[in-house]
Number of protein chains: 2
Amino acid sequence: MLTNRPEETFGLLLADGARLLRLRIDRALEEAGLGLTPGEARTLAYVALSPASRQTALAAQMNVEPMTLVAFLDRLESRHLVVREQDPTDRRAKIVRLAPEAQPILERVHGVTRKVQERALQNFRPEEVEMLQALLKRMRANITASEPGRGQE
Amino acid sequence: MLTNRPEETFGLLLADGARLLRLRIDRALEEAGLGLTPGEARTLAYVALSPASRQTALAAQMNVEPMTLVAFLDRLESRHLVVREQDPTDRRAKIVRLAPEAQPILERVHGVTRKVQERALQNFRPEEVEMLQALLKRMRANITASEPGRGQE
DNA sequence: GGCGATTAGTAAGCATGCCTTATTATCTGA
DNA sequence: TCAGATAATAAGGCATGCTTACTAATCGCC
């Protein structure tokens with residue numbers, strides 16, 4: 001008896017998988033010499049996906065606190081990869097846009113993440129990749145849905 | 001055209017899934033009031049899985065640097081959840097064992113991670129859970145294998 | 001019009017995880 | 001016996017993401 005109950009294996013699997021994947025993406029981005037941290041790259045990708053969003057909306061979409069996003073945007077802006085414009089309809093709000101210079105960077109980010117993905121899913125058949133993708137998507141939906149206020153009550 | 005190419009969706013899915021899962025486990029452990037950080041909990045689980053291992057072996061199994069493990073063990077030891085004994089066959093090495101007091105804590109950690117898992121996989125059928133588990137396991141194997149330098153060989 | 005409540009963004013500071021580089025003690029093998 | 005490898009550790013660094021608190025602007029409502 002090795003204390004090898006399935007639950008514990010699955011919990012570790014989740015935690016390890018999550019951790020390792022993060023690490024690989026992190027390292028791959030670093031090796032790419034883009035000067036982007038994973039969070040910055042992720043932010044860039046989301047800005048590209050939802051152009052002309054407000055910061056609050058972007059943060060909600062990314063599932064991070066607004067404050068966390070501010071830090072990413074600060075760094076991206078100082079690299080001239082995004083622009084913050086004032087929302088003409090609300091002077092408190094800002095609209096985030098991709099800077100033109102960001103386009104090639106974005107392509108390279110995609111290249112990097114694609115490579116990580118390929119390595120992680122090396123011997124998977126295409127339908128297995130799709131299956132994994134579908135399951136993960138459902139899992140993410142469950143996770144984000146199960147958090148009401150964030151602190152919850 | 002929403003720049004909605006599949007690659008980028010999958011990359012974000014991987015990154016987001018990894019991040020969110022980590023966060024949930026983190027928060028669940030904190031709410032449980034065990035006074036354990038995720039890393040500590042993970043370490044505890046691994047010590048239980050491979051009792052009487054050396055630190056180096058444990059670190060390799062956990063896929064962290066030895067130095068990272070030292071920090072976790074320091075904290076676990078100061079809480080009397082693990083014990084470090086000298087390896088009788090090598091005075092440099094130490095054998096890590098679970099302290100008797102750790103057993104109930106470990107059970108509660110399992111409870112917490114099981115709950116996170118249940119919430120994340122809410123509407124999954126049992127065979128889907130198994131499928132996900134199998135795919136993740138293969139992915140983890142790919143990831144750890146693809147690291148030449150330190151990931152063991 | 002004006003006052004309170006809410007909202008957008010931000011400042012500051014903290015904990016965690018994980019790494020890297022370097023140090024000390026010990027072991028091993030030629 | 002002595003060089004080189006190995007086990008654990010010390011010290012320090014960076015990124016992530018959070019929380020709490022503050023400012024400015026807007027909205028709701030009388």
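Below, chains carry the letters A, B, ... as their sequence lines are ordered, and counting in each starts from 1. For clarity, every value in this text was computed on a predicted model and none was experimentally measured.
One distance of note links CG of B:Leu132 with CG of A:Leu14; it measures 7.0 Å at 0.5 Å rounding. To the nearest 0.5 Å, atoms CZ (B:Arg24) and CG (A:Asn142) are separated by 11.0 Å.
Summarising the geometry, the separation between CE on A:Met67 and P on C:dG13 is reported as 12 Å, rounded to the nearest angstrom. In this entry the distance linking CG of B:Asp26 with P of C:dC18 reads 11 Å, nearest Å. B:Arg27 places its CZ atom 18 Å from the P atom of D:dT16, with the value rounded to the nearest Å. Going from atom CG of B:Asp87 over to atom C1' of D:dT9 covers 17 Å, rounded to whole Å. One interatomic measurement links the two molecules: CZ of A:Phe72 to P of C:dG9, which rounds to 16 Å at whole-angstrom precision. Note: CG (B:Asp90) to C1' (C:dT28) measures 10 Å, nearest angstrom. Between A:Glu65 atom CD and C:dT10 atom P the separation is 15 Å, expressed in whole Å. When the P atom of C:dT10 is taken as reference, atom CZ of A:Arg54 falls 13 Å away, rounded to whole Å.
The phosphate of D:dA24 (OP1 or OP2) has no side-chain N or O of A:Arg91 nearer than 4.0 angstrom. Taking only side-chain nitrogens and oxygens, B:Arg22 comes nearer than 4.0 Å to OP1 or OP2 of C:dC18. One finds no side-chain N or O of B:Thr56 lying less than 4.0 angstrom from the OP1 or OP2 phosphate oxygen of D:dT6. Using a 4.0 Å cut-off, no side-chain N or O of A:Thr37 falls inside it from OP1 or OP2 of D:dC14. Taking only side-chain nitrogens and oxygens, B:Gln55 comes nearer than 4.0 Å to OP1 or OP2 of D:dT9. Look at B:Thr68 and you'll find a side-chain N or O under 4.0 angstrom from OP1 or OP2 of C:dC19.
A donor-acceptor contact under 3.5 Å is formed by the side chain of A:Arg92 with the base of C:dT7.
Counting only distance, with no hydrogens or angles, the side chain of B:Arg79 and the backbone of B:Gly35 share a donor-acceptor pair below 3.5 Å.
Taking every side-chain heavy atom of A:Arg75 into account, D:dT16 is the closest of D:dT16, D:dA8, C:dG9.
Across every non-hydrogen atom of A:Arg138 and B:Asn123, the tightest pair is NH2-O, 3.0 Å.
When the nearest nucleotides of DNA chain D are assigned to A:Thr89 and A:Glu40 by heavy-atom distance, the more 5′-ward of the two goes with A:Glu40. Each of A:Ala93 and B:Gly39 lies near DNA chain C, and the nucleotide nearest A:Ala93 is the one positioned closer to the 5' end.
Each of B:Arg54, B:Lys94, B:Arg92, B:Gln55 was scored for a side-chain hydrogen bond (donor to acceptor under 3.5 Å, both in side chains) with B:Asp87, with one residue passing: B:Arg54.
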